[in-house]
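The structure under discussion appears below in the form of structure tokens.
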Amino acid sequence: MISPALRQEIIERYSSKHEVRHIDVGFQNDIYVIDNQYVLRVPREDWARQLLKHETMVLNHIAESMSVQVPVVVEAAKDNTYAVCQFIDGDVITDEDLAQFTAESRNRFVADIVQMILELNHAISVAWYTQHCGTSVSRKIDPEANFSELTRAARRANHPHLRLFEKWRAEYETYRPEIDALPSMVVHGDLHVGNMVFKDQRL
């Protein structure tokens with residue numbers, strides 16, 4: 001954790017108006033917004049400093065290949081006690097918000113998310129992550145086992161999407177040689193709309 005004096009020094013370095021808001025106490029960070037231009041993230045526990053280090057490298061790496069805004073890190077302490085990144089203005093979409101969308105807006109909303117997922121899943125190879133973050137990926141998903149479990153669960157529940165799962169499986173088998181030849185990529189493990197920011201109904 002950083003001292004109050006260092007925290008104030010960082011804030012003043014990035015703030016011209018000194019408008020600072022403590023907006024959130026996240027899972028592992030205290031988060032401050034500075035002049036609606038920068039975000040100061042301060043890990044509360046020592047173990048969270050390593051996570052901040054990895055996130056800093058990942059954010060700046062994927063920013064080069066993403067069409068949506070990514071909060072690029074502009075400064076990070078060498079001891080990982082804080083990081084300053086760009087502020088991205090927007091809000092979290094709720095079920096109530098979605099209910100107000102037109103059909104066209106809903107289609108665009110889904111298309112934005114799909115495009116982002118495709119870009120994200122092609123942005124970080126396992127080899128890059130292991131080399132730069134100094135650790136291996138925690139879990140590798142086996143597509144064949146995943147499809148098999150989906151199909152079994154769908155059959156047990158007489159799920160209306162059973163044919164869709166079987167179609168996925170068939171197409172996976174058709175393209176499996178090409179898929180297996182691709183490099184393994186890192187996949188976001190907590191990707192949902194609560195972790196995305198939207199403005200004017202766009203991601």
Among K199, Q37, Q69, the one residue meeting side chain to side chain contact (heavy atoms under 4.5 Å, CB included) with D89 | K199
In R49, H54, E55, the residue satisfying side chain to side chain contact (heavy atoms under 4.5 Å, CB included) with N80 is R49
Do [X] and [Y] make a side-chain contact, defined as non-hydrogen atoms from C-beta onward lying under 4.5 Å apart?
| X | Y | result |
| --- | --- | --- |
| V39 | V84 | no |
| I124 | V58 | yes |
| Q86 | V74 | yes |
| L40 | Y14 | no |
| H22 | D30 | yes |

Any sub-3.5 Å donor-acceptor pair from [X]'s side-chain atoms to [Y]'s backbone N or O?
| X | Y | result |
| --- | --- | --- |
| D79 | T81 | yes |
| H61 | M57 | no |
| N29 | R41 | no |
| D112 | R202 | no |

Give, for atom [atom1] of [X] and atom [atom2] of [Y], the distance between the pair rounded to the nearest 0.5 Å.
| X | Y | atom1 | atom2 | result |
| --- | --- | --- | --- | --- |
| I88 | M196 | CD1 | CE | 13.0 Å |
| C85 | N60 | SG | CG | 9.5 Å |
| E19 | R21 | CD | CZ | 8.5 Å |
| R44 | Q28 | CZ | CD | 8.0 Å |
| Q100 | I93 | CD | CD1 | 11.0 Å |

Hey, are R156 and E149 close enough for a salt bridge, meaning a charged N less than 4.0 Å from a carboxylate O?
->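 Answer for the salt bridge query: yes.
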State plainly whether the residues E171 and K167 are in salt-bridge range, i.e. N to O under 4.0 Å.
->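 Answer for the salt bridge query: yes.
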Is the CD atom of E104 crowded by more than 12 outside heavy atoms at less than 6.0 Å?
-> no
Any side-chain donor near an acceptor of the partner, E119 and S67, under 3.5 Å |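 Per modelled atom types, E119 and S67 side chains form a pair under 3.5 Å.
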Closest non-hydrogen atom pair, T56 against A83 =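 Of all heavy-atom pairs spanning T56 and A83, the closest is OG1-CB, 4.2 Å.
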Would you name the heavy atoms of T174 and P177 that are closest together and state the gap between them?
-> O-CD, 4.0 Å
Would [X] end up clustered with [Y] when hydrophobic side chains under 4.5 Å apart are linked, directly or stepwise?
| X | Y | answer |
| --- | --- | --- |
| V68 | V92 | no |
| I117 | Y129 | yes |
| V197 | M66 | no |
| L59 | L52 | no |
| F87 | I31 | yes |

Aromatic ring centroids of Y38 and Y32 under 6.0 Å?
->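 Y38 vs Y32: aromatic centres not under 6.0 Å.
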Would you please classify the geometry between the F109 ring and the F101 ring as parallel, tilted or perpendicular, with 30° and 60° separating the classes?
-> perpendicular
